[in-house]
2 protein chains.
Amino acid sequence: MATIGDVAREAGVSRSTASYALSGKRPISEEVRRRVLAAAEALAYTPNAGARALATSRTKVLGLLARFYTDEFAPAMMQYIQGVTDTARDLGYDTLLVTDEDGARALRRITDSRMVDGVVLMNIAQDDPRLPILRAAPQPGATVGLPGDCSGIDVFDLDFEEAGRAMVDHLHRLGHRELILISQPEHVVERGGAYVWRLRDAALERARQCGVTLHTVYGESRQPAVGRLLHTLLDTYPSATGLLINNEAAAAALPSVAHERGLRVPEDLSVIGRYSAEFAAAFSLPYSFVESAPDRLGSMAVRQLVRRVESATARREPFVVRFISPELVSRGSTTPPRDPRPRTPAR
Amino acid sequence: MATIGDVAREAGVSRSTASYALSGKRPISEEVRRRVLAAAEALAYTPNAGARALATSRTKVLGLLARFYTDEFAPAMMQYIQGVTDTARDLGYDTLLVTDEDGARALRRITDSRMVDGVVLMNIAQDDPRLPILRAAPQPGATVGLPGDCSGIDVFDLDFEEAGRAMVDHLHRLGHRELILISQPEHVVERGGAYVWRLRDAALERARQCGVTLHTVYGESRQPAVGRLLHTLLDTYPSATGLLINNEAAAAALPSVAHERGLRVPEDLSVIGRYSAEFAAAFSLPYSFVESAPDRLGSMAVRQLVRRVESATARREPFVVRFISPELVSRGSTTPPRDPRPRTPAR
DNA sequence: CGTCAATGTCGAACCGGTTCGACGACCAAG
DNA sequence: CTTGGTCGTCGAACCGGTTCGACATTGACG
């Protein structure tokens with residue numbers, strides 16, 4: 001494999017001149033530049049990543065810490081990952097995917113050894129053990145997901161509170177007065193998945209404000225449990241006219257459950273989900289939904305990270321906590337309830 | 001950040017002694033070893049990955065080239081990836097996930113720059129443009145998936161031919177004489193996804209041998225197209241008594257299609273799928289299936305790769321093409337056909 | 001007691017880049 | 001004809017590890 005020394009010799013110049021000719025960091029005569037480029041081309045020269053990393057303290061690699069939990073739907077995860085890898089590549093970075101069970105130790109390993117220039121954390125927990133390590137690390141970090149303590153990192157997430165309110169508002173405006181919210185499984189919450197209760201609590205609060213009854217329940221993540229749960233819910237709250245779904249597996253299971261019950265959407269039940277357009281397409285979900293934009297979030301996190309990596313001034317900017325506003329995509333799965341109760345003014 | 005020089009000074013020894021004390025590659029007195037380890041501990045010393053890579057020509061990183069095609073089901077992909085990352089970590093390696101559209105160029109980049117010690121290729125095409133590059137690369141490579149030309153690499157795949165035969169045999173033995181096989185979408189084939197026709201052609205051949213009629217058709221990868229297709233198929237071949245599914249999306253869609261038609265499995269239709277147990281669990285698919293073992297395949301590829309990376313003798317061993325035998329997992333979705341035609345001896 | 005081998009440590013070189021400071025050549029201005 | 005600045009190039013040092021060869025010390029053995 002050709003080194004820069006080989007290129008220099010081939011071009012008849014010194015190693016430093018070859019380096020400058022290739023990087024353009026100092027003026028080099030047209031003639032010499034040509035010779036160096038030709039030599040590099042001829043020898044198929046590619047700089048050694050380790051050597052360059054050693055010399056520049058830059059690896060052009062970003063770490064991506066993610067876990068594939070079976071109770072958080074896999075296809076959704078893929079989209080976050082793709083958002084990160086695609087954007088990283090656009091900006092000239094490769095992605096080190098780390099899925100260790102012990103995320104804190106893995107994070108320490110890749111940051112201490114200087115394998116990466118920055119780190120994106122996913123599957124953020126309310127009290128995430130990786131965050132203290134990330135704050136102490138010399139590399140900048142960003143998260144997709146909102147932790148309890150956002151200091152020292154850039155945070156990107158869907159505005160789940162607003163999503164919860166938007167769902168309730170939408171159905172309230174149509175005249176619904178009794179709704180059901182099905183969330184992620186309880187152990188997602190136990191693991192610290194704050195987005196579950198952020199959406200739920202905001203929805204409850206808004207429901208209270210507008211005099212809407214909102215039944216909330218933890219869901220399941222798998223068939224057939226989640227299908228059974230849907231049946232049970234619909235049996236338990238027969239007067240509920242709207243269903244809010246913050247649980248991909250439940251959304252995916254609903255069509256067949258509705259079919260089994262002879263339940264028409266939206267005539268008998270209005271439905272709003274919270275998932276991505278890509279997910280909706282894969283499962284052909286015919287429901288209006290709040291877009292969760294996983295690819296956009298991953299992309300935003302990487303862009304900010306790279307800004308901080310590449311610019312000393314950007315590195316000193318205050319940390320951001322950025323929420324993307326939930327966009328309600330209408331697919332016609334909501335309508336005024338069949339037998340609307342008289343509109344009572346809120347409160 | 002502490003370097004090995006800092007550790008050496010703290011321990012009052014030379015850099016080389018510190019290095020040997022930490023690596024154990026030369027005998028070091030107990031006393032000195034203790035001092036060095038204590039110093040390393042006190043300074044939270046972690047070797048710089050770039051420097052180590054430069055000195056040893058080893059990065060302890062494996063490349064994983066994968067693409068997330070929307071027409072090959074995402075959850076299945078995740079399992080391959082997890083098989084790779086988990087096994088790599090067990091063996092002391094990190095994983096560089098590369099999802100570039102131009103896989104050949106990406107592969108050249110990571111191998112030429114010596115970012116990785118070895119490479120696992122996924123989404124293998126019959127005539128895969130990445131393979132010539134991999135063969136020319138100084139690092140060993142393995143694939144999950146069978147390319148047309150296996151020279152110079154280690155290949156791991158499910159025995160799709162045997163899977164096709166096993167499916168046909170199983171139903172033939174039960175007395176079925178007319179079957180339908182639904183494959184992946186046609187553009188998976190156009191992209192060079194050989195596993196599609198490997199399973200199909202072997203199934204056709206075996207069906208011919210035992211006098212079974214086998215209707216084959218390319219599937220769709222998404223709802224609702226795939227659901228419509230299933231309806232059409234069942235309408236078109238009303239006398240078919242068995243359904244073979246080599247298409248995750250079709251398998252996932254079948255329960256609701258069956259429900260819509262009032263079709264009972266296995267009483268009215270025997271069904272065998274080809275997917276992973278994990279996939280079956282996520283979608284609660286009640287069908288017997290041929291296990292595709294994505295995690296095992298990823299794991300095997302990595303193990304072989306690491307063997308070659310770490311041992312000069314292993315590197316000289318002949319390349320392997322290893323198929324894992326399809327295991328038929330029974331879930332009771334097959335039974336003799338309702339109105340069995342008289343058993344005609346094969347041929 | 002002298003020789004030899006084993007043991008433990010050190011200095012120096014090397015891996016392959018980048019970058020700083022110096023220097024010669026050239027040209028314009030004083 | 002100097003002086004000064006710019007341009008283009010080079011040598012050397014450095015990044016942070018690993019590893020080779022040399023050397024001093026020690027103990028065993030003839």
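Each chain gets a letter, A, B and so on, in the order the sequences are listed, and its residues count up from 1.
Distance CG (B:Asp112) to P (C:dG17): 12 Å, rounded to an integer number of Å. In this structure, CZ of A:Arg58 is placed 15 Å from C1' of C:dG17, rounded to the nearest angstrom. Atom CG of B:Asn48 is separated from atom P of C:dG17 by 16 Å (rounded to the nearest Å). The nearest whole Å value for the distance from the CG atom in B:Leu22 to the P atom in D:dT19 is 13 Å. Computed from coordinates, the B:Ile4 CD1 to D:dG17 P distance equals 6 Å when rounded to whole Å. Distance B:Arg33 CZ to C:dG8 C1': 11 Å, rounded to the nearest Å. Summarising the geometry, the separation between CE on B:Met115 and C1' on C:dG16 is reported as 16 Å, rounded to the nearest angstrom.
Contact annotation for B:Pro47: backbone-only contact, meaning every heavy-atom pair under 4.0 Å involves sugar-phosphate atoms and none involves a base. Residue-level contact check: B:Thr56 touches the backbone only, with heavy atoms under 4.0 Å from sugar-phosphate atoms and none from bases. At a threshold of 4.0 angstrom between heavy atoms, the contacts of A:Thr46 are confined to the sugar-phosphate backbone, with no base atom among them. At a threshold of 4.0 angstrom between heavy atoms, the contacts of B:Thr3 are confined to the sugar-phosphate backbone, with no base atom among them.
B:Arg135 has its side chain within reach of B:Asp149: a pair of non-hydrogen atoms, C-beta onward, lies under 4.5 Å apart. Residues B:Gln139 and B:Arg308 have side chains not in contact (no heavy-atom distance under 4.5 Å, counting atoms from C-beta outward).
With hydrogens and angles ignored, no donor-acceptor pair closer than 3.5 Å exists between the side chain of B:Arg15 and the base of C:dG11. Within 3.5 Å, no donor on the side chain of B:Ser14 pairs with an acceptor on the base of C:dG11, nor the reverse. Residue-to-nucleotide contacts include no donor-acceptor pair under 3.5 Å from the side chain of B:Arg26 to the base of C:dT7. With hydrogens and angles left out, the side chain of B:Arg114 and the base of C:dG17 share no donor-acceptor pair within 3.5 Å.
Side-chain N/O atoms of B:Ser19 include one lying less than 4.0 angstrom from OP1 or OP2 on D:dT18. The side chain of A:Arg52 contributes an N or O atom lying less than 4.0 Å from OP1 or OP2 of C:dT18. At D:dG16, none of the side-chain N or O atoms of B:Tyr45 fall inside 4.0 Å of OP1 or OP2 (strictly under the cut-off). For C:dT19, one of the phosphate oxygens OP1 or OP2 lies less than 4.0 angstrom from a side-chain nitrogen or oxygen of A:Lys25. Taking only side-chain nitrogens and oxygens, A:Thr17 never comes nearer than 4.0 Å to OP1 or OP2 of D:dT9.
Without hydrogens or angle criteria, B:Asp90 side chain to B:Thr87 main chain gives no donor-acceptor distance under 3.5 Å.
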Quiz prompt | Worked verdict on A:Asp154 versus A:Arg307 for salt bridge (charged side-chain N to carboxylate O under 4.0 Å, His left out) | solution = CA-CA 11 Å; A:Asp154 293 310; A:Arg307 259 174 40 80; over 6 Å; no
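Side-chain atoms of B:Val32 lie closest to C:dT9 of the nucleotides C:dA12, C:dT9, D:dG16. Side-chain atoms of B:Ala55 lie closest to D:dG17 of the nucleotides D:dG11, C:dT9, D:dG17.
Taking the nucleotide of DNA chain C with the nearest heavy atom to each of A:Gly5 and A:Tyr20, the more 5' of the two is matched to A:Gly5. Two residues, B:Ser29 and A:Leu54, neighbour DNA chain C, and the one matched to the more 5' nucleotide by heavy-atom proximity is B:Ser29.
For CG of B:Asp102, the number of neighbouring non-hydrogen atoms (other residues, nucleotides, ligands) closer than 6.0 Å is greater than 12. Within 6.0 Å of the CZ atom in A:Arg322, the count of heavy atoms belonging to other residues, nucleotides or ligands does not exceed 12.
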